[in-house]
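Below is one structure, written out as structure tokens; the observations come after it.
Order of the sequence lines sets the chain letters (A, B, ...), proteins ahead of strands, with each chain counted from 1. If you're wondering where the values come from, they're calculated on a predicted model, not measured in any experiment.
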Amino acid sequence: MLDIKMLREEQQTLILALKNRGAAFDLTPIIAADAERRELLSAIETKRAARNGASEKVGRLMREVGRTKQAGGSAAALEAEVVALKEQSGALGADIAQLEDRLRPIHEEINHMWLMVPNIPHESTPIGADETDNPTVRTWGEPTEFDFEPKAHWDIGTDLKIFDLERAAKIARARFALYMGAGARLERALINFMLDTHTGDHGYMEVFPPVLVNEASMTGTGQLPKFAEDLFKCADDDLWLIPTAEVPVTNIHREEIIPGDRLPIKYAAYTPCFRREAGAHGRETRGLIRQHQFNKVELVKFVDPAGSYDELETLTNDAETILQKLELPYRVISLCTGDLGFSAAKTYDLEVWMPSYGSYKEISSCSNFEDFQARRANIRYRPTGGKPQFVHTLNGSGLAIGRTFAAILENCQQADGSVVIPEVLRDFMRADKIG
RNA sequence: GGAGAAGUGGCCGAGUCGGUUGAAGGCGCUCGCCUGCUAAGCGAGUAAGGGGGUUAAGCCCUCUUCGAGGGUUCGAAUCCCUCCUUCUCCGCCA
């Protein structure tokens, strides 16, 4: 959520930002509603002030009446005044109630519309229409070469019997995975390796949050109200399954004021993630790339606004480190305005080389949300001796486990069908190859 | 799941036969004074958010908020209802 003041004070910036995003958004109704809201608010406040004054006076007179009677005097005049005042402030109360009835729907309407307005892209976010306009920032390693016909990861996995998608579909439904044997172990090794690296080398605190969250949390990070159809919901309990650890971890500090000297706060969390992938049918249906449930290690930062773009660079580097240590070729792209996520001001995607696709495939998304999430979730910090201000929040995958798993199978496969385990995982795996 | 108790400002903690209590007192913190260091002492200040006015920074007016929402009333931290959370006891359970 943006500062509603932008609507009045920086309207041109807002209009340009929406245009760059390719978001057809008519601000006129919000602007009109906002003007009406402030007008009503002002009228209500004036009447409230009058009523408060009258009520306060009633209080004073009542005490005076008490004193007068106690002293044996007649308080008839005072009592008459009290009656008149009560009548007067009663009438004011009725006016206020009427105005409030008019204000309520307007307020809700503004709120509803405003929550649908996406973040303003940062000036360094390239302007473009869609993913074909995303520039490559840097490339690491070269696409893997094979002197045999490489297999896709779903065939490698099936042949090695390390995961079973058919039985997973029997247990749950399509697009769930059942990992077995060395596959289950590789999944766990990746989780441990990533968490150990981020907590040990990069200074993140490990957290393990709930994976079911309430509506306030989903709204705080921007999944609701706009993206409800992408989420699994436990309707009976009014809880939602998290699509990413970003949701519970960012909400750790919802409605809080963080002491300034505690920033930056850096969390690393492993969680399963759940996505309905509505509207994605037919795309990447084979293998582990697009699942309803997948594991992910997520990095989340709460930082001082002044340094948030430096923090985005280090966050991205922290995620890249994982790929480098696994010796998986990848590139970093900068999402252009037309491809940028709803809440983000700037995003780098890490894309790993996938031989079966013959291209790079997203494996991490690192974003700076500036104060967009912080304002929604009311996460602030107190600068030393200053007023509370919104923090900037950032997060990025560090990394998606299932896609890393797939990338290892495809990039590290051998002519004999086995898969060589990357050096850094061997202690975790207690093996140097599968098959 | 059953029974009982409680939810007040950064923290602790007063405050119910409703009326200058946005909230005593203490701690903490900030500024100043004092003490040749330290500790102690003295004085002042110290919640957040919204709207409006004004300014060079400042400041001024006003509304809202005492777990959340609703109700009663001229007026509610104080009364009523619903919900949430925490604690104690019982039950159940990995």
Checking contacts here: which listed nucleotide ([options]) is nearest the side-chain heavy atoms of [X]?
X: A:Arg51; options: B:G19, B:G75, B:C63; result: B:G75
X: A:Pro388; options: B:A48, B:U64, B:G51; result: B:A48
X: A:Arg380; options: B:G51, B:G49, B:C63; result: B:G49
X: A:Arg48; options: B:C63, B:C74, B:G52; result: B:C63

Classify the ring geometry between A:His153 and A:Phe163 as parallel (under 30°), tilted (30 to 60°) or perpendicular (over 60°).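 Tilted: the ring planes of A:His153 and A:Phe163 meet at 30° to 60°.
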
Measure from the side-chain N and O atoms of A:Glu311 to the backbone N and O of A:Gly307, and report whether any donor-acceptor pair falls under 3.5 Å.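 Such a contact is absent between A:Glu311 side chain and A:Gly307 backbone.
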
Check whether A:Gln413 reaches the backbone of A:Glu410 with its side chain - one donor and one acceptor, N or O, closer than 3.5 Å.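 Flag set: sc A:Gln413 to bb A:Glu410 pair under 3.5 Å.
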
Nearest-Å distance once atom [atom1] is located in both [N] and [M]:
N: B:U16; M: B:C79; atom1: P; answer: 9 Å
N: B:G9; M: B:A68; atom1: P; answer: 10 Å
N: B:C81; M: B:U72; atom1: P; answer: 15 Å
N: B:G43; M: B:C34; atom1: C1'; answer: 11 Å
N: B:C17; M: B:G7; atom1: C1'; answer: 24 Å
N: B:A23; M: B:C66; atom1: C1'; answer: 8 Å
N: B:G32; M: B:U86; atom1: P; answer: 44 Å
N: B:U8; M: B:G4; atom1: C1'; answer: 22 Å

Toward the 5' end of RNA chain B, by each residue's nearest nucleotide, A:Gly59 or A:Leu85: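 By nearest-heavy-atom nucleotide position, the 5'-most residue is A:Gly59.
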
For A:Arg63 and A:Arg37, take the nucleotide of RNA chain B holding the closest heavy atom to each; which residue's nucleotide lies nearer the 5' end?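 Whichever sits nearer the 5' end wins; that is A:Arg63.
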
Have a look at [X] and say if it touches a base, only the backbone sugar-phosphate, or nothing, with a 4.0 Å heavy-atom cut-off.
X: A:Arg262; value: nothing
X: A:Ala49; value: sugar-phosphate
X: A:Arg60; value: nothing

Paired nucleotide for [N] [Watson-Crick or G-U wobble; both distances under 3.5 Å]:
N: B:C87; result: B:G4
N: B:A47; result: B:U65
N: B:U54; result: none
N: B:U16; result: none
N: B:G32; result: B:C42
N: B:U72; result: none

Looking at A:Arg275 and A:Asp230, is there a salt bridge between them, counting it only when a charged N and a carboxylate O are closer than 4.0 Å? no

Separation of atom [atom1] in [X] from atom [atom2] in [N], rounded to whole Å:
X: A:Asp238; N: B:C84; atom1: CG; atom2: C1'; value: 13 Å
X: A:Glu255; N: B:U85; atom1: CD; atom2: C1'; value: 15 Å
X: A:Ile257; N: B:U46; atom1: CD1; atom2: P; value: 17 Å
X: A:Leu61; N: B:U20; atom1: CG; atom2: C1'; value: 13 Å
X: A:Leu40; N: B:G52; atom1: CG; atom2: P; value: 14 Å
X: A:Arg375; N: B:G49; atom1: CZ; atom2: P; value: 12 Å
X: A:His107; N: B:U64; atom1: NE2; atom2: P; value: 15 Å
X: A:Lys47; N: B:U64; atom1: NZ; atom2: C1'; value: 19 Å

B:G58: syn or anti, with syn meaning chi within 90° of zero?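 Syn, which is what one calls it when the glycosidic angle falls within 90° of 0.
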
Report the residue from A:Asp130, A:Thr347, A:Asn134 that forms a side chain to side chain contact (heavy atoms under 4.5 Å, CB included) with A:Asp339. A:Asn134

So, for A:Gly402 and A:Glu187, which heavy atoms are closest and what is the spacing to 0.1 Å? N-OE2, 4.2 Å

Output yes when at least one side-chain N/O atom of A:Asn52 is less than 4.0 Å from OP1 or OP2 of B:U64, else no. yes

Find the distance between OH (A:Tyr204) and NZ (A:Lys301) and round it off to the nearest 0.5 Å.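 Reported value, rounded in 0.5 Å steps: 4.0 Å.
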
